[in-house]
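Below, read A as the first sequence line, B as the second, and so on, with proteins coming before strands; counting in each chain starts at 1.
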Number of protein chains: 2
Amino acid sequence: MDRRSEILTTAGHLFRERGYHATSMRDIAASLELRGSSLYAHIDSKEEVLWEIVNRAADAFLAHAEAVEARALAPRERLRALIAGHLQVIVQELPRATVFFHEWKFLSPERRAQVTECRDRYEGFFRRAVEAGVASGDFATEDPKLAALFILSALNWTYQWFREGGELALEALTERYTSLVLNALGGCP
Amino acid sequence: MDRRSEILTTAGHLFRERGYHATSMRDIAASLELRGSSLYAHIDSKEEVLWEIVNRAADAFLAHAEAVEARALAPRERLRALIAGHLQVIVQELPRATVFFHEWKFLSPERRAQVTECRDRYEGFFRRAVEAGVASGDFATEDPKLAALFILSALNWTYQWFREGGELALEALTERYTSLVLNALGGCP
DNA sequence: CCTACCGATCGGTAGG
DNA sequence: CCTACCGATCGGTAGG
């Protein structure tokens with residue numbers, strides 16, 4: 001891992017624990033046993049560091065969802081795969097995902113707009129899966145867009161409490177949350 | 001409203017928009033057309049301001065849930081009332097609720113522990129409602145504690161996107177989210 | 001509630 | 001990658 005990647009990884013951990021504004025460039029540098037000024041040989045600004053972290057998280061979420069959609073699954077399996085992918089990214093990239101959800105507001109207006117666009121595109125994958133299920137008769141809901149938001153809301157909060165090595169493993173969490181979501185979309189089996 | 005309350009209200013709005021660390025005492029003072037130093041006649045420290053906001057939000061959530069439990073409703077109606085109360089507090093106290101969810105980590109360790117305790121107590125109201133429904137046969141879920149967390153997760157995220165005066169009113173949101181939750185807990189009707 | 005001010009720390013640059 | 005340093009700003013206090 002080169003220095004730039006090390007900086008982004010370390011910053012991701014610190015931003016997650018303390019937040020963007022409560023983490024100084026000197027904090028990041030100290031974690032790597034460097035002086036603050038040395039970071040600027042590898043990055044342009046503190047905001048660029050935040051942007052890289054947020055952007056990589058967005059890419060991870062979108063890449064999973066695109067891969068799922070490309071598989072042309074039946075609605076229930078498609079939603080199941082979207083849920084599994086979403087929880088997997090959150091858990092496996094906990095610092096990045098946390099910073100993505102928590103700190104994106106501190107980006108410049110242009111970059112914030114890009115984040116909003118990514119998020120809207122991502123919600124589209126979930127909305128279309130719900131709509132496909134409604135069309136096929138697998139799901140029943142009067143408002144697929146709100147249902148998609150409900151699902152993502154329930155999943156997103158995971159970053160607030162999930163701890164790797166805790167009593168609940170990712171696989172069990174995924175299975176139980178998937179059951180709750182599929183039930184919520186009714187069309188009882 | 002006395003000066004102290006004005007300070008807390010203004011701080012709530014600013015902390016919600018910019019976050020705790022990106023809001024300076026001078027920012028709060030400027031919103032009230034005061035100098036930064038004048039605030040200290042009414043409050044002891046910036047952290048005390050955060051604490052008051054977080055504490056009032058926690059009180060609002062807990063007061064609603066206690067009132068619901070005291071009514072001794074049937075499980076479905078009890079959960080319905082808990083959901084309605086939770087969404088109502090979020091929407092009607094958007095700044096306080098947002099700061100409660102987003103900034104509590106910046107409190108001192110002692111106060112952070114108090115917040116955690118409040119949150120655990122609050123989750124208990126939802127868990128007990130789910131358990132009561134399982135016992136009565138109204139709900140079916142293998143893990144009431146996780147189901148309660150799932151429900152609260154879905155509801156909590158509302159602070160991220162809900163805007164008063166938007167196309168979706170609180171009443172409609174409450175109704176649709178309640179349907180999704182009651183479906184999720186299955187025991188298909 | 002104000003002016004004046006404190007030491008500490010911030011993001012970032014110059015120059016090597 | 002370092003030392004040395006910049007102007008700006010931070011939370012908070014003294015004294016009136």
Using a 4.0 Å heavy-atom cut-off across all strands, classify [X] as base, sugar-phosphate, or nothing.
X       : result
B:His21 : nothing
B:Ser24 : sugar-phosphate
B:Ser45 : sugar-phosphate

Next on the checklist: Test your reading of the model: is there a side-chain donor-acceptor pair from A:Arg4 to the backbone of A:His42, 3.5 Å cut-off?
Outcome noted: yes
Checklist entry - Would a distance-only check, ignoring hydrogens and angles, find a side-chain to backbone donor-acceptor pair under 3.5 Å from A:Asp27 to A:Ser24? => result yes
Using whole Å, what does the distance between atom [atom2] of nucleotide [N] and atom [atom1] of [X] come to?
X       : N      : atom1 : atom2 : result
A:Leu39 : C:dC10 : CG    : C1'   : 14 Å
B:Leu34 : C:dC1  : CG    : P     : 5 Å
B:Tyr40 : C:dC6  : OH    : C1'   : 13 Å
B:Glu47 : D:dG12 : CD    : C1'   : 14 Å
A:Arg18 : C:dT9  : CZ    : C1'   : 14 Å
A:His42 : C:dG12 : NE2   : C1'   : 15 Å
B:Lys46 : D:dG11 : NZ    : P     : 4 Å
B:Ile28 : D:dG12 : CD1   : C1'   : 13 Å

Checklist outcome for this item: Which of C:dA4, D:dC1, D:dC2 is nearest the side chain of A:Arg35? It is D:dC2
Checklist entry - Which of these nucleotides, C:dG12, D:dC2, C:dC2, is closest to any side-chain atom of B:Ser37? => result C:dC2
Next on the checklist: Show the nearest heavy-atom pair for residues A:Thr178 and A:Thr174, with the distance to one decimal.
Outcome noted: OG1-O, 2.6 Å
Checklist entry - Think B:Arg26 has a side-chain N or O under 4.0 angstrom from the OP1 or OP2 of D:dG12? => result no
Next on the checklist: Whether B:Arg3 contacts C:dC1 is assessed here as follows: a side-chain N or O lying under 4.0 Å from the phosphate OP1 or OP2. Is that the case?
Outcome noted: yes
Next on the checklist: Distance to the ring centre below 6.0 angstrom and angle to the axis at most 45 degrees; does that hold for A:Arg18 and A:Phe15?
Outcome noted: no
Checklist entry - Within 45 degrees of the axis of the six-membered ring of B:Tyr20 and under 6.0 Å from its centre: does B:Lys46 put its NZ or CZ there? => result yes
Checklist entry - Where each residue is assigned the nucleotide of DNA chain C containing its nearest heavy atom, which of A:Asp27 and A:Asp44 is assigned the position nearer the 5′ end? => result A:Asp27
Checklist entry - For D:dA4, what is the paired nucleotide under Watson-Crick or G-U wobble rules, both distances under 3.5 Å? => result C:dT13
